[in-house]
Amino acid sequence: MIDGKKVLLSGMQSTGIITLGNYLGALKNWVDLNDDESIQCFYAVMDLHSITVRQEPAALRKNGRILYALYIAAGLDPEKNCLFFQSHVPAHAQLAWILNCYTYMGEMNRMTQFKDKAAKHADNINTGLFTYPVLMAADILLYQADMVPVGKDQMQHLEIARDIAGRFNGIYGDVFTIPEAYIGKNGAKIMSLQDPSKKMSKSDENPNGSILLLDDMDTIMRKFKKAVTDSDGFIAYTDDKPGIKNLIDIYCASTGKTPDETVKEFDGCGYGTFKEAVGESVAAVLKPVQDKYHALIEDKAYVDSLMKENAEKASYYANKTLRKVMKKVGFIELPR
Ligand code: ATP
Ligand code: LTN
């Protein structure tokens, strides 16, 4: 609790420009919480997590700034939410080290994301990738978060965070709040436009599979036109038509309509007409975000000042927890 409010924490890695999937499945849900006065929200650019996969330094810097500006452009109010960079709060790495000593190899060995990413990056299976969930546990536990909005793919990591917190509390008393998953209103999982059996991802090698938040309007329309569908030629919302189903999900998430309404609206229309409508609905959602983003990214002084203020605010809460943990474990406090 902070000032009688529940605490919520989430974040994204700055490994590339975020996709429409990240926006509709995560960021938009966060924005919906803006006006909830009963919750104090923390959203971080998870740049420490990003280097579990090799990053080009200039690209990491650029993508971090872009993601930070996109958080704000998408509607996260920097006055109400604490928006910060994970690497600006050293307590994340410090607590992660301590929690590593309370986490078992067997637990990490079960993590499916590690297995997937290790297979994808066979030339760089580093120990950071292996202990990724411990750093994520530190992110969450430092702020005594009650709620963590994450997609299904991250549930296993959240479970581990709960297990680590419970184990630590079992040894040292009530140190950490045990976090719960928070499921947003819009749970849509957006799939790749080129392979609807795979989720849309910012690290997809096929650029046509993902709509990036900074894609211009022509690119958005072109990618939707190329979207993989089927040869039936009619619009229906069923698992047998994964390409069309995904387009309907995207249309619904962008317009607020239901799948039933959408199927009726496009009854008798060809795929070309439908794809164009989906593209236009997405372009209409992204245009204001992009306009705000372009204005913000020009105003470096303003963004820098927000970064600094928010890092200090986040550090205040994080250090409070870290001090408590260090004392419990038995480290000597520096005399004041
Ligand atoms: P990467 O490709 O670098 O692994 P990613 O695009 O899969 O990244 P993450 O940074 O792992 O995205 O996820 C950030 C947030 O966005 C998470 O809460 C995740 O559940 C959500 N998310 C990611 N992809 C999608 C998607 N296709 N549909 C809905 N939500 C998504
Ligand atoms: N692993 C998360 C990003 C992330 C996160 C967190 C999400 C890092 N630390 C703490 C919630 C809480 C992902 O979505 N890829």
Heavy-atom pair with the smallest gap, counting every atom of Val89 and Ala311: CG2-O, 4.0 Å
Side chains of Lys226 and Leu193, heavy atoms from C-beta outward: is any pair under 4.5 Å? no
Residues in ring pair (Phe, Tyr, Trp, His ring centres under 6.0 Å) with Phe85, at least two apart? Tyr68, His88
Non-hydrogen atoms of Lys313 and Gln40 that approach each other most closely: NZ-NE2, 4.0 Å
More than 12 heavy atoms of other residues, nucleotides or ligands under 6.0 Å from NZ of Lys80: is that the case? yes
Cluster link Met12 to Met155, ILVMFWY, side chain under 4.5 Å: no
Sub-3.5 Å donor-acceptor pair from the side chain of Ser87 to the main-chain atoms of Asp47, do we have one? no
Grouping I, L, V, M, F, W and Y whenever their side-chain heavy atoms are under 4.5 Å apart, do Val31 and Val148 come out in a common cluster? no
Return yes when atom CD1 of Ile171 has more than 12 non-hydrogen atoms of other residues, nucleotides or ligands closer than 6.0 Å, and no otherwise. yes
Test item: side-chain donor near acceptor, Thr103 and Asn100, under 3.5 Å: no
Is atom CZ of Arg222 surrounded by more than 12 heavy atoms (other residues, nucleotides or ligands) closer than 6.0 Å? yes
Check the hydrophobic clustering (I, L, V, M, F, W, Y; side-chain heavy atoms under 4.5 Å; chains of links allowed) and say if Ile183 and Val150 are grouped together. no
Results of side-chain contact (heavy atoms from CB on, under 4.5 Å) for Lys241 - residues two or more places apart only: Asp230, Asp232, Phe234, Ala236, Thr238, Ile244, Tyr271
Angle class for the Phe176/Phe168 ring planes (parallel below 30°, perpendicular above 60°, tilted otherwise)? tilted
Should Arg110 and Glu159 count as an ion pair when the cut-off is N to O under 4.0 Å? no
Treating Ile, Leu, Val, Met, Phe, Trp and Tyr as nodes and any side-chain heavy-atom pair under 4.5 angstrom as an edge, say whether Ile98 and Val134 lie in one connected cluster. yes
Rounded to the nearest 0.5 Å, the CG atom of Asn319 sits from the CG atom of Leu95 at a distance of 11.0 Å
Counting C-beta onward and ignoring hydrogens, is there a side-chain heavy-atom pair between Glu333 and Met326 closer than 4.5 Å? no
Minimum heavy-atom distance between Leu158 and Ile140, given as atom pair plus value: CD1-CD1, 3.9 Å
Ring pair (Phe, Tyr, Trp, His ring centres under 6.0 Å): which pairs involve residues 291-336, sequence neighbours left out? Phe42-Tyr317
Tightest non-hydrogen contact, residues Ile220 and Val282, listed as CG2-CG1, 4.2 Å
Would you mind reporting whether Leu70 and Leu214 have side-chain heavy atoms less than 4.5 Å apart? yes
Working for side chain to side chain contact (heavy atoms under 4.5 Å, CB included), residues Asn22 and Leu27: CA-CA 6 Å; Asn22 300 129; Leu27 190 47; over 6 Å; no
Please indicate whether Lys308 has more than 12 foreign heavy atoms, meaning atoms of other residues, nucleotides or ligands, lying under 6.0 Å from its NZ. no
If you define the side chain from C-beta out and look only at heavy atoms, does anything of Lys6 sit under 4.5 Å from Ser38? no
Give a yes or no on whether Ile72 and Ile17 share a hydrophobic cluster (residues Ile, Leu, Val, Met, Phe, Trp, Tyr; joining criterion: side-chain heavy atoms under 4.5 Å apart). yes
Under 3.5 Å, is there a donor-acceptor pair linking the side chains of Asp204 and Asn206? no
Enter the distance from Met111:CE to His157:NE2 here, rounded to the nearest 0.5 Å. 6.0 Å
Here the pair of heavy atoms bringing Asn109 nearest to Lys115 is O-CE, 3.2 Å
For the residue pair Met191 and Ser197, establish whether any side-chain heavy-atom pair is separated by less than 4.5 Å. no
As a quick check of understanding, evaluate side chain to side chain contact (heavy atoms under 4.5 Å, CB included) for Val7 and Thr177, giving each step before the final call. CA-CA 10 Å; Val7 176; Thr177 302; over 6 Å; no
To the nearest 0.5 Å, atom CZ of Phe114 lies from atom OG1 of Thr131 at 9.5 Å
With a 6.0 Å cut-off (strictly less than), is the heavy-atom count around CD1 of Ile125, excluding the residue itself, greater than 12? yes
Nearest 0.5 angstrom please: Thr19 OG1 to Asp215 CG, how far? 10.0 Å
Is the Trp30 ring parallel, tilted or perpendicular to the Tyr71 ring (thresholds 30°, 60°)? perpendicular
Under the criterion salt bridge (Lys or Arg N to Asp or Glu O under 4.0 Å), I'd like the reasoning laid out for Glu107 against Arg167: C-alpha separation, chi angles, the key distance, then a yes or no. CA-CA 13 Å; Glu107 288 176 308; Arg167 181 172 307 143; 2.7 Å; yes
Using distance only, find each side-chain donor-acceptor pair of residues 56-65 under 3.5 Å and give its atom names and separation, not counting sequence neighbours.
unit_1: Asn63; atom_1: ND2; unit_2: Ala59; atom_2: O; d: 3.2
unit_1: Arg65; atom_1: NH1; unit_2: Asp304; atom_2: OD1; d: 3.2
unit_1: Arg65; atom_1: NH2; unit_2: Asp304; atom_2: OD1; d: 2.8

With side chain to side chain contact (heavy atoms under 4.5 Å, CB included) as the criterion, how do Ile190 and Ile250 come out once you've worked through the C-alpha distance, each side chain's angles and the decisive distance to 0.1 Å? CA-CA 7 Å; Ile190 307 299; Ile250 294 174; 3.8 Å; yes
What is the distance from atom NZ of Lys117 to atom CG of Leu129, rounded to the nearest 0.5 Å? 7.5 Å
For residues 235-260, which residue pairs pass the ring pair (Phe, Tyr, Trp, His ring centres under 6.0 Å) check, not counting sequence neighbours? Tyr251-Phe266
Check Asp249 with Lys189, please: is the shortest side-chain N to carboxylate O separation under 4.0 Å? no
Does Thr15 have any side-chain contact (heavy atoms from CB on, under 4.5 Å) partners at least two apart in sequence or in another chain, and if so, which? Gln13, Ser50, Gln55, Lys202
So, does Asn310 use its side chain to make a donor-acceptor pair with the main chain of Phe84 at under 3.5 Å? no
Step-by-step side chain to side chain donor-acceptor pair (under 3.5 Å) determination, Asp139 to Gln86: CA-CA 8 Å; Asp139 301 336; Gln86 188 185 27; 3.0 Å; yes
Considering all heavy atoms, the nearest Ala314-Tyr143 contact: O-CE2, 3.4 Å
More than 12 foreign heavy atoms under 6.0 Å from NZ of Lys5: is that the case here? yes
